[in-house]
2 protein chains.
Amino acid sequence: MRQNPERRRALLNAAIDVLAEDGARGLTFRAVDARAGVPGGTASNYFANRSELLLQAGAHVHVRLAPTEEFMARFLDSVPSREQTRLGMRDLLRRVEADRNGYLALLELRLEANRHPGIREELTRTIRWTLEENVRRHLEGGFPGDRNTVVTLYLAMTGLLVEHLTLPDVLTDDDPESLVDRMVAVIVPEGRSAR
Amino acid sequence: MRQNPERRRALLNAAIDVLAEDGARGLTFRAVDARAGVPGGTASNYFANRSELLLQAGAHVHVRLAPTEEFMARFLDSVPSREQTRLGMRDLLRRVEADRNGYLALLELRLEANRHPGIREELTRTIRWTLEENVRRHLEGGFPGDRNTVVTLYLAMTGLLVEHLTLPDVLTDDDPESLVDRMVAVIVPEGRSAR
DNA sequence: CGAATACCACTACAAGTAAAGTACTACGAT
DNA sequence: ATCGTAGTACTTTACTTGTAGTGGTATTCG
């Protein structure tokens, strides 16, 4: 088993792109080699088997999709309001559009989770933590709405991203940005926090 | 090319189950044969190639997931209210839980849509029509809320179903039914129609 | 009523494809 | 000089597909 961490990262990024572009069906060692631009057989030397590759790709996807520290700092410093929440959702949309493959790979991994308990645990833990962090920051920061508001927002945003990435022409009357705006307007109350 | 419609339907149902259980990676003619309990080579005789199989499975999934006529009639006869909307969402959840594989296959097909324009068109057309029908019925029926309400509800419900089917333990504090209830409470205004 | 025909189920085969794993050589860094 | 890695090449295995061929059944026509 080879150890070069830089190359390992490159292979994981390639695996994420392969997942997004060719689906779980296309995720083979050789396909990852090709996508990473390394000679055939390399991925074999870095991952014991397909499951191991999937698992590590699942962990790496969150690194790629995480918000920048800079944005988080700015968000936490702001005056809590519905408008700030709107900007937060817009930033999420922007990040996903900037790394379309990352989020598509996450969707592929969600479906793989039905078959691989290891991946299910990994994704559940990470996504659950992210959601709970969002709830905590929202409530402690004094943003308008309660837990249900945040959870509903999370679900609607998930639906929007799925729709936008897989069947963009279903919601073609609206560009996704204004769709986000109107979604926030429906879900988040206007005033300060309810509780 | 064989024509027996009963057998064709059985093969399509088997294809949907294979998609859900083994993913796009596992969808081969032989796997469909095995799942349908027919001798090997049968699916080859009913579908020209894999794309054709996917396309017809995509069309058939909507047949499996469609609400019963009986429910629709009862819904249309009811007095419009947030409570009725809640029951409608609960029924959707019930249907999806009753045909878990159908909805999972739909998610697999959504991801395949990124690669097959034919499937993308098929799914876009059907899902778009369904959404627009929901909007129309909601508004014409005098249910509370406007277009944004219905679209937001659709997106949140999509997110909820994705979450519930792929990573059920992310939202484990709440059983999905009460989650639906609270989601509707957040999104749909209490009173009669706003416009 | 019987025979012919058309369709289908099922078995079996043949060939092609691709994926995985590993052995081997060369190279570079320590 | 040695250890770990890059890169190449080969072998083996497994899987998938497509189709030919056979036998059975239902339907239609004389």
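Given the structure is predicted, the values throughout are model-derived calculations rather than measurements. Hydrogens, waters and symmetry mates are skipped; everything else that's a heavy atom, side chains included, is used. In what follows, chains are A, B, ... by sequence order, proteins preceding strands, each numbered from 1.
Scored by the salt bridge (charged side-chain N to carboxylate O under 4.0 Å, His left out) test, B:E52 finds no partners at all (sequence neighbours excluded).
Connection of B:I187 to B:L131 is established within a shared hydrophobic cluster, with ILVMFWY side chains joined at heavy-atom distances below 4.5 Å, either directly or through further cluster members. Under the 4.5 Å side-chain contact rule for hydrophobic residues, B:V180 and B:L92 share a cluster.
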- Message: Between A:E177 and A:R94, does the side-chain contact (heavy atoms from CB on, under 4.5 Å) criterion hold? Intermediate values first, please.
- Response: CA-CA 9 Å; A:E177 284 83 10; A:R94 192 194 50 71; over 6 Å; no
- Query: For A:T124 and A:W129, what are the C-alpha separation, side-chain angles and deciding distance, and is it a side-chain contact (heavy atoms from CB on, under 4.5 Å)?
  - Reply: CA-CA 8 Å; A:T124 296; A:W129 182 86; over 6 Å; no
Return the polar atom pairs (N/O with N/O) between nucleotides 22-24 of chain D and the protein under 3.5 Å, or none.
none

- Query: What string of B, S and - do you get for nucleotides 10-24 of chain C 5' to 3' if you count protein non-hydrogen atoms under 4.0 Å?
  - Reply: BB-------SBBB--
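One atom, CD of A:Q3, and another, C1' of D:dA6, lie 15 Å apart when rounded to the nearest Å. Rounded to an integer number of Å, the gap from A:M1 CE to D:dC3 C1' is 18 Å. When rounded to the nearest whole Å, the span between CG of A:N4 and C1' of D:dT5 equals 8 Å. Across the protein-nucleic acid pair, A:D33 atom CG and D:dA6 atom C1' stand 12 Å apart, rounded to whole Å.
Checking the phosphate oxygens (OP1, OP2) of C:dA9, a side-chain nitrogen or oxygen of B:Y46 falls inside 4.0 Å.
Ring planes of A:H138 and A:F143: tilted class, angle from 30 to 60°.
In this structure, A:R8 forms a cation-pi arrangement with A:F47, its terminal cationic atom sitting closer than 6.0 Å to the ring centre and no more than 45° off the ring axis.
The 12-atom threshold is exceeded at CD of A:E133, counting heavy atoms of other residues, nucleotides or ligands nearer than 6.0 Å.
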